Amino acid sequence: MYVCGPTVYSNVHLGNVRTFLTFDIVYRYLQHLGFKVRYVRNITDVGHLTGDTDDGEDKIGKKARLENLEPMEVVQRYTNDFHDVMNVFNILRPSIEPTATGHIVEQIESILRIMTNGYAYEVNGSVYFSVRKFSEDHPYGELSGRKIDELMNNTRDLDGQSEKRDPLDFALWKAADSSHLMQWPSPWGMGFPGWHLECSVMSTKYLGETFDIHGGGMDLKFPHHECEIAQNVGANGGERPVRYWMHGNMLTVNGRKMAKSEGNGFTPEELITGNHKLLDKGYTPMTVRFFMLMGHYASTLDFSNEALQAAEKGLSKLEKAMETLAGLEPTSGEAGYDVQAFADKCHAAMNDDFNTPILIATLFDGVKAVNGAAAGRVALSAEDIASLKGTFAAFLRDVLGLQAERASGGSEEVAGETEALLDLIVDMRTTAKANKDWGTADKIRDVLAAHGITIQDGKDGSSWTRG
RNA sequence: GGUCCGAUGGCCGAGUGGCUAGGCUCAGCUCUGCAAAAGCUGCUACAGCGGUUCGAAUCCGCUUCGGACCUCCA
């Protein structure tokens, strides 16, 4: 599986996170099913232009110039940021994370093959892919459902400044003047590779000329992925280098795509701290992850405080059920629960195009059974409980990647002491309750609540939980 | 302007011809010293109009509104 990774010239925002989360789920589920997955996700560290015009500047080069940094300092900074964010959201690392600058040689070789096949031409030290020529021999626009003639008629900028023969052509190699911070020698002089090329070259190198899954954001479908196909076919022949294309849909804010240019993006940090004008409060990374998984990856997902709060409550319900399940004792009786059907439904949900909303709905069905068992309404055998534990662990933890939130701060010893103290306090409150000293009992509960500790009175005594 | 997609209850969001999605919210009830948690019940959802069909949220047409892409975007 190949997924288009980030261009590391600025901090990632939540919209970016959604896409990588989508493919994290694919990766996790395929592994759960027992597939050996080679997951390649690139880092774009050169070649991504700020525009498609000939004076378009390299995004990383521009950032480096503006901040007076080495381009590789920019790359390192935002690559680190990207990795940090992926870790925060519990998104697994890919098997291979190649960079564009690490594959300049392969890119030049690929360009030479495309030129040999007659689909590219050189102008003033730059090399362009000829879409018109390519389309005479192969389909172009198949993936995004576009037709060459329509594209020709609807090209926006028609000013004749371009050295391209055709507005649809795209750069494989761009000549660089001495002011460019990033440039490499090539058969056509000093320059740097075009953006689309790196993905073609790296996917082919690590996954072969034909591979199973190619993912990326919906906004990359055209032209990026269309160009990738053309380059692969133009260099290696064949017709369809990718068996399955998967596109994650956009995260929207007030119905509009979250994008840097719209100024409506949240950084993960702003979301967690709640430090943003559109946010009522902060949310934990797992709440955000759960929120995103409540929608199907192919649908747009609208961001809102209400939706985040719903996710927070829902996830909490699941987590509580996990705790309940851990301490559940086997019972015998009539009203049982079909744990096998439950597991089967979980698989069926994911088998249907990674339908995480259905999976979550199914998990809530399991929650009902767990709570029912805890209340003595549902009878579960030891085998049933073991099965439920296995299914929840597999789907909630492994597939959905929702890990238990850890109490913040403190070493394990301190945490242990805190727990002992809390147990003592709750015990004292139970004594107060037994003496009908409601004032003391309520005061203890209120003060602990102010510190994020919730006390619950059950029929078998009181217990406390964080958060 | 072109291409494509979408419109589901108070909110989010699944579902593609007949069967309760689910979560959250709100109200009532059970339990409880009071809460919380858990449970039960309800808030009579499928943008509008027409068509196909025994039957349409689901298929077809039109209308209205929204979005994405066509330029860099996850």
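All chains are named by letter (A, B, ...) in the order of the sequence lines, taking the proteins before the strands, and each is independently numbered beginning at 1. Bear in mind the structure is a predicted one, so any value in this text is a computation, not a measurement.
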Any idea which of B/C70, B/A14, B/A74 is nearest the A/Asn355 side chain? B/A14

Does the protein touch nucleotides 20-34 of chain B at the base, only the backbone, or not at all? Give it as B, S and - per nucleotide, heavy atoms under 4.0 Å. -BSBSS-------BB

Suppose you measure atom P in B/U8 against the same atom in B/U32; what distance do you get, rounded to whole Å? 43 Å

Rounded to whole Å, how long is the line connecting atom CD of A/Glu150 with atom C1' of B/U3? 6 Å

With A/Asn249, which residues qualify under side chain to side chain contact (heavy atoms under 4.5 Å, CB included), at least two apart? A/Arg18, A/Met218, A/Thr300

Calculate the interatomic distance between A/Asn254 atom CG and B/C11 atom C1'; express it in whole Å. 14 Å

Rounded distance in Å between the P positions of B/C54 and B/G15: 29 Å

Heavy-atom donor-acceptor pair, A/Asp212 side chain to A/Met1 backbone, under 3.5 Å: no

Along RNA chain B (nearest heavy atom to each residue), the more 5'-positioned of A/Met258 and A/Ser144: A/Ser144

If each of A/Cys4 and A/Phe303 is mapped to the nucleotide of RNA chain B with the nearest heavy atom, which maps nearer the 5' terminus, i.e. the 5' end? A/Phe303

Nearest whole angstrom, please: distance from the C1' of B/A74 to the CE of A/Met1. 14 Å

Suppose you measure atom C1' in B/G39 against the same atom in B/A74; what distance do you get, rounded to whole Å? 42 Å

Contacts of type salt bridge (Lys or Arg N to Asp or Glu O under 4.0 Å), residue A/Arg240, not counting sequence neighbours: A/Glu142

Just to be sure I understand the rule, does A/Leu301 reach a base, reach only the sugar-phosphate, or reach nothing, if contact means heavy atoms closer than 4.0 Å? sugar-phosphate

Qualifying salt bridge (charged side-chain N to carboxylate O under 4.0 Å, His left out) pairs with a residue from residues 282-297 of chain A, counting only residues at least two apart or across chains: A/Asp24-A/Arg289

Looking at residues at least two apart in the chain, or sitting in another chain, which of them share a salt bridge (Lys or Arg N to Asp or Glu O under 4.0 Å) with A/Glu67? A/Lys63, A/Arg77

Picking from B/A14, B/C69, B/A68, which would you name as closest to the side chain of A/Phe222? B/C69

Given atom CG of A/Asn264 and atom P of B/A74, what is their separation to the nearest angstrom? 13 Å

Should A/Arg146 be listed as having a side-chain N or O under 4.0 Å from OP1 or OP2 of B/U3? no

Distances under 3.5 Å between nitrogen or oxygen atoms of protein and nucleotides 4-7 of chain B:
none

A/Leu359 CG to B/G13 P, in whole Å, measures 18 Å

Taking side chain to side chain contact (heavy atoms under 4.5 Å, CB included) as the definition, give me every residue that meets it alongside A/Lys133, ordered by chain and number, with sequence neighbours left out. A/Tyr119, A/Ser130, A/Glu136, A/Asp137

Roughly how many Å apart are B/A36 and B/A27, using the P atom of each and rounding to a whole number? 11 Å

With sequence neighbours left out, what residues match A/Tyr27 under ring pair (Phe, Tyr, Trp, His ring centres under 6.0 Å)? A/Tyr39

Could you list the residues that satisfy side chain to side chain contact (heavy atoms under 4.5 Å, CB included) with A/Ala176, not counting sequence neighbours? A/His180, A/Gln183, A/Phe192

If I take atom CZ in residue A/Phe291 and atom C1' in nucleotide B/C11, what distance separates them, rounded to the nearest angstrom? 12 Å

Going by an N to O cut-off under 4.0 Å, is there a salt bridge joining A/Arg445 and A/Asp442? yes

Euclidean distance for C1', B/U71 against B/A45 (whole angstrom): 40 Å

If you measure from the P atom in B/G50 to the same atom in B/G13, how many Å do you get, rounded? 30 Å

Figure out the OH/P separation between A/Tyr2 and B/A74, and round it to whole Å. 13 Å

Convert the base pairs of RNA chain B into dot-bracket notation, remembering that pairs crossing earlier ones are written with [ ] and that bases paired across to another strand are shown as |; include only Watson-Crick or G-U pairs under 3.5 Å. (((((((..(((.....[...))).(((((.......)))))....(((((..]....))))))))))))....

Do any pairs count as a side-chain hydrogen bond (donor to acceptor under 3.5 Å, both in side chains) and have a residue in residues 349-361 of chain A, sequence neighbours left out, and if so which ones? A/Tyr29-A/Asn351, A/Tyr297-A/Asp353

For A/Asp302, which residues count as a side chain to side chain contact (heavy atoms under 4.5 Å, CB included) partner, sequence neighbours excluded? A/Thr252

Rounded interatomic separation in angstrom, taking NZ from A/Lys221 and P from B/C69: 12 Å

I'd like the P distance from B/A38 over to B/G23, given in whole Å. 11 Å

Could you check whether A/Phe266 and A/Phe303 have their ring centres less than 6.0 Å apart? yes

Using a 4.0 Å heavy-atom cut-off, does A/Gly255 contact any base of the nucleic acid, only the sugar-phosphate backbone, or nothing at all? sugar-phosphate

What's the gap between B/A37 and B/U25 when it is taken at their P atoms, as a whole Å value? 9 Å

Is it true that A/Phe395 and A/His347 have ring centroids separated by less than 6.0 Å? yes

